[in-house]
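The structure under discussion appears below in the form of structure tokens.
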Amino acid sequence: MSIKPATSTPAWNGMSAEEIEAQLDPSRMPRHVGIIMDGNGRWARRQGFMERIRGHEAGIDSVREITRACGELGLQALSLYAFSKENWSRPQREIDALMALLERFLYNEVDELNSNNVRLTACGAIQDLPAGCQKALAHTMQATAGNTGMILNLALSYGGRYEIVEAVRKIAREIAVGALKPDEIDEDTLSRNMYRPELGDPDLIIRTSDEFRVSNFMIWQSAYSEFHITPVLWPEFRKIHLLAALLDYQRRDRRFGGV
Ligand code: IPE
Ligand code: IPE
Ligand code: MG
């Protein structure tokens, strides 16, 4: 008699990217994937770098590879949690370096996004970003607006609770002008008033670096998301890890409260 291991074997156990991909069912891909890109600081430390920012810089390669792979796999939207509202509490030096990196990324990535037919959007308290970042964001959103493939949605100065607060404010204003009655508010009203309702709720949320928490990411939209947590640190997250997450997702039984 064999004893079942306490934890299930990872989906990618011993498999190559090609082998995992062959097992994926293209008709059951998630439409919208969210990624909590975590572990950049730990990666930098493990590499022996003095500066955490070296980890953020290395993470850009992961962003590029994963965006491209998600587009090729036919996902409709990829939301990347790049900077939280809570991240403003980090040392100013790290914030400045992150914002400079973001600005550079936005300008540098236009050709790559266009050649992959990817459209850029963003969600969060964008007005809190430095003017240079806001300008770069507007530039890249405009330069990719005509693309018809996947949407890459960057969560910047993003907080899930604050998003709900802002949605409630918008709804309250509608009530104040008589466009809506309190009893007409339903779940759909809330969903419609989130930052990017057109993306739909994320079907799958991936978090790197083995942290088992949501850290205020899409708390309204993730009510029925599947979670995939991997020990891989974000700067080392590659297409094979994405494929493994997708296979893990396809092995789940999404019941939505049914039987
Ligand atoms: C994620 O990596 C990137 C951001 C939150 C901006 P961290 O910077 O949180 O890396 P760790 O968690 O300290 O390793
Ligand atoms: C979550 O990572 C935010 C982003 C990935 C942008 P953090 O590293 O900020 O989260 P905590 O502090 O571990 O919860
Ligand atoms: Mg972290």
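All heavy atoms count here, side chains included; hydrogens, waters and symmetry mates do not. Both counts, for ligands and for their atoms, begin at 1 and track the order of listing.
With a 4.0 Å cut-off on non-hydrogen atoms, Lys85 does not touch ligand 2 at all. Residue contacts with ligand 2 for Phe83 involve N, CA, C or O but no side-chain atom from C-beta outward (heavy atoms, distance under 4.0 Å). Neither the backbone nor the side chain of Ala155 has any atom closer than 4.0 Å to an atom of ligand 2 (non-hydrogen atoms only). At a heavy-atom cutoff of 4.0 Å, ligand 2 is contacted by the side chain of Arg213 but not by its backbone.
Protein heavy atom closest to atom 14 (O) of ligand 2, with residue, atom name and distance, is Ser215 OG, 2.6 Å. With respect to atom 5 (C) of ligand 2, the closest heavy atom belonging to the protein is Met37 O, 3.3 Å.
Under the 4.0 Å distance rule, the nearest protein heavy atom to atom 12 (O) of ligand 2 falls outside the cut-off.
Below 3.5 Å of separation, one finds no N or O of Asn87 facing any N or O of ligand 1.
Within the structure, ligand 1 has Ala82 among the residues with a heavy atom less than 4.0 angstrom away. Remark: distances from the non-hydrogen atoms of Ser209 to ligand 1 are all 4.0 Å or more. Between His56 and ligand 1 there is a heavy-atom distance shorter than 4.0 Å.
Inclusion of Glu211 in the first shell of the Mg ion (ligand 3) is not supported: no N, O or S atom falls under 2.8 Å.
Close placement of the His139 and Tyr107 rings is indicated, their centers lying within 6.0 Å of each other.
Relative to atom 10 (O) of ligand 2, the option among Arg90, Arg207, Glu86 with the closest non-hydrogen atom is Arg207.
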